[in-house]
2 protein chains.
Amino acid sequence: MGTEAQTESQAIRPYAASLELLRKVGLRPTRQRLALAKTLFMEGGHRHVTAEQLHDEVMASGVRVSLATVYNALHQFTENGLLRELVIEPGHVYFDTNVVPHHHFYEAATGRLEDVDAAEVDFSRLPPPPAGMRVKGVHVILYIERDTARAAA
Amino acid sequence: MGTEAQTESQAIRPYAASLELLRKVGLRPTRQRLALAKTLFMEGGHRHVTAEQLHDEVMASGVRVSLATVYNALHQFTENGLLRELVIEPGHVYFDTNVVPHHHFYEAATGRLEDVDAAEVDFSRLPPPPAGMRVKGVHVILYIERDTARAAA
DNA sequence: ATTAATGCAAAATCTTTGCACTTTC
DNA sequence: GAAAGTGCAAAGATTTTGCATTAAT
């Protein structure tokens with residue numbers, strides 16, 4: 001098994017994979033959307049980004065994109081199930097590349113968000129929804145902070 | 001037991017109570033802050049308001065206040081533990097008069113928020129916080145929607 | 001009198017939009 | 001070459017700020 005064959009079959013080929021992703025949801029694979037998709041989805045692991053962060057990052061990678069286009073793309077990606085919108089602190093909308101239902105750790109001091117798998121949270125008690133309503137989803141935010149009172153125990 | 005005695009001892013006297021509330025947290029009881037405190041805290045039940053909603057409401061009650069003052073007051077109230085800030089949908093900060101830890105139902109279609117008492121939620125499983133961190137608080141948001149598939153059963 | 005709070009309008013953010021130009025199909 | 005997407009700058013929306021005026025202690 002040559003390295004090339006392995007590379008082609010197993011490793012992520014960002015361009016091809018991004019192209020396919022966009023095709024799948026019916027968005028034209030433009031240079032800009034490809035660059036954004038590559039940055040968001042092709043670097044392994046899940047991400048939480050703001051429009052501005054993503055814009056800076058893509059620009060830094062050498063692709064010129066306008067901020068308006070980043071906003072457009074983020075919303076189109078969201079509408080097509082590629083991203084999930086998260087609002088936790090005032091004035092900042094995060095886009096989460098993890099679209100499977102899950103929860104979050106949030107460190108207010110740094111603004112850092114970290115995923116919590118849905119399987120890591122279970123409820124032994126939940127209230128019944130108001131009359132005529134049904135619960136469509138649950139989001140648990142665990143606010144964390146540096147543990148200063150840290151004994152070696 | 002005369003009605004007057006009862007009124008004075010039991011019923012809420014908005015002005016006096018608001019005044020005392022502001023005094024207690026060390027904010028000068030100005031006409032504007034008194035009006036805002038009365039609207040927020042003296043009508044029974046808990047509230048979730050945006051700055052603009054509150055501004056409209058207080059203006060409608062006949063007290064002239066500028067929107068900037070409403071923002072100032074909301075933040076001062078928050079800093080002094082009288083309110084809790086909530087961000088659930090982009091572009092809107094809600095201020096919650098319920099400052100005891102609790103959770104929320106949220107109906108996206110209408111923007112309606114409803115309190116869920118902390119006692120109504122229990123966890124049978126929670127993840128350990130990241131190394132060196134501790135969990136400071138938990139907020140559960142239960143997304144609800146109209147239950148259309150409603151059989152009479 | 002002193003000190004703080006208010007109001008206004010202007011500024012700062014973040015986000016969306018209108019329209020000419022460019023790119024993809 | 002038709003349809004969709006992009007970029008820019010301008011407009012919107014929400015929130016904050018600077019400073020003269022007004023009110024509370």
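In what follows, chains carry the letters A, B, and so on, assigned in the order in which the sequence lines appear, proteins first and then strands, with residues in each chain numbered from 1.
Atom CG in B/L74 sits about 15 Å away from atom C1' in C/dA5, given to the nearest Å. Note: CG (A/L36) to C1' (D/dG5) measures 13 Å, nearest angstrom. Atom-to-atom, CZ of A/R33 to P of D/dG7 comes out at 11 Å; the value is rounded to the nearest Å. Here D/dT25 presents its P atom at 8 Å from CG of B/L19, a figure rounded to the nearest Å. Computed from coordinates, the A/L22 CG to C/dT24 C1' distance equals 13 Å when rounded to whole Å. Here C/dA5 presents its C1' atom at 13 Å from CG of B/L34, a figure rounded to the nearest Å. Remark: C1' of D/dA3 and CG of A/L27 are 15 Å apart, rounded to the nearest angstrom.
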Exercise for the section: Would you check, one step at a time, whether the test salt bridge (charged side-chain N to carboxylate O under 4.0 Å, His left out) holds for B/R125 with A/E120? Expected result: CA-CA 6 Å; B/R125 174 194 288 259; A/E120 296 197 74; over 6 Å; no

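Side chain of B/L67, nearest nucleotide from C/dG7, D/dT15, D/dG7: D/dT15. The listed nucleotides are C/dT24, C/dA5, D/dG7; the one nearest the side chain of A/R28 is C/dT24. For B/A68, the side-chain atoms get nearest to D/dT17 when compared with the rest of D/dT17, D/dT14, D/dA3. Looking at the side chain of A/R64, the nearest of the listed nucleotides C/dC14, D/dG7, D/dT6 is D/dG7. Counting only heavy atoms from C-beta on, B/Y71 has its side chain closest to D/dT16 among D/dG5, D/dT16, D/dG7.
Listed for the A/T69 side chain is no donor-acceptor partner under 3.5 Å among the backbone atoms of A/V65.
Mapping B/T50 and B/R31 onto DNA chain D via the closest heavy atom, the residue that lands nearer the 5' end is B/T50. Nearest-nucleotide mapping onto DNA chain D: of A/N72 and B/E52, the residue sitting toward the 5' end is A/N72.
Salt bridge annotation for A/E57-A/R47: present, with a cationic side-chain nitrogen under 4.0 angstrom from a carboxylate oxygen.
Counting non-hydrogen atoms under 4.0 angstrom, A/P29 reaches the backbone sugars and phosphates but no base. Contact annotation for A/H75: backbone-only contact, meaning every heavy-atom pair under 4.0 Å involves sugar-phosphate atoms and none involves a base.
Counting only N and O atoms by type, the side chains of A/E114 and A/Y106 include no donor and acceptor under 3.5 Å apart.
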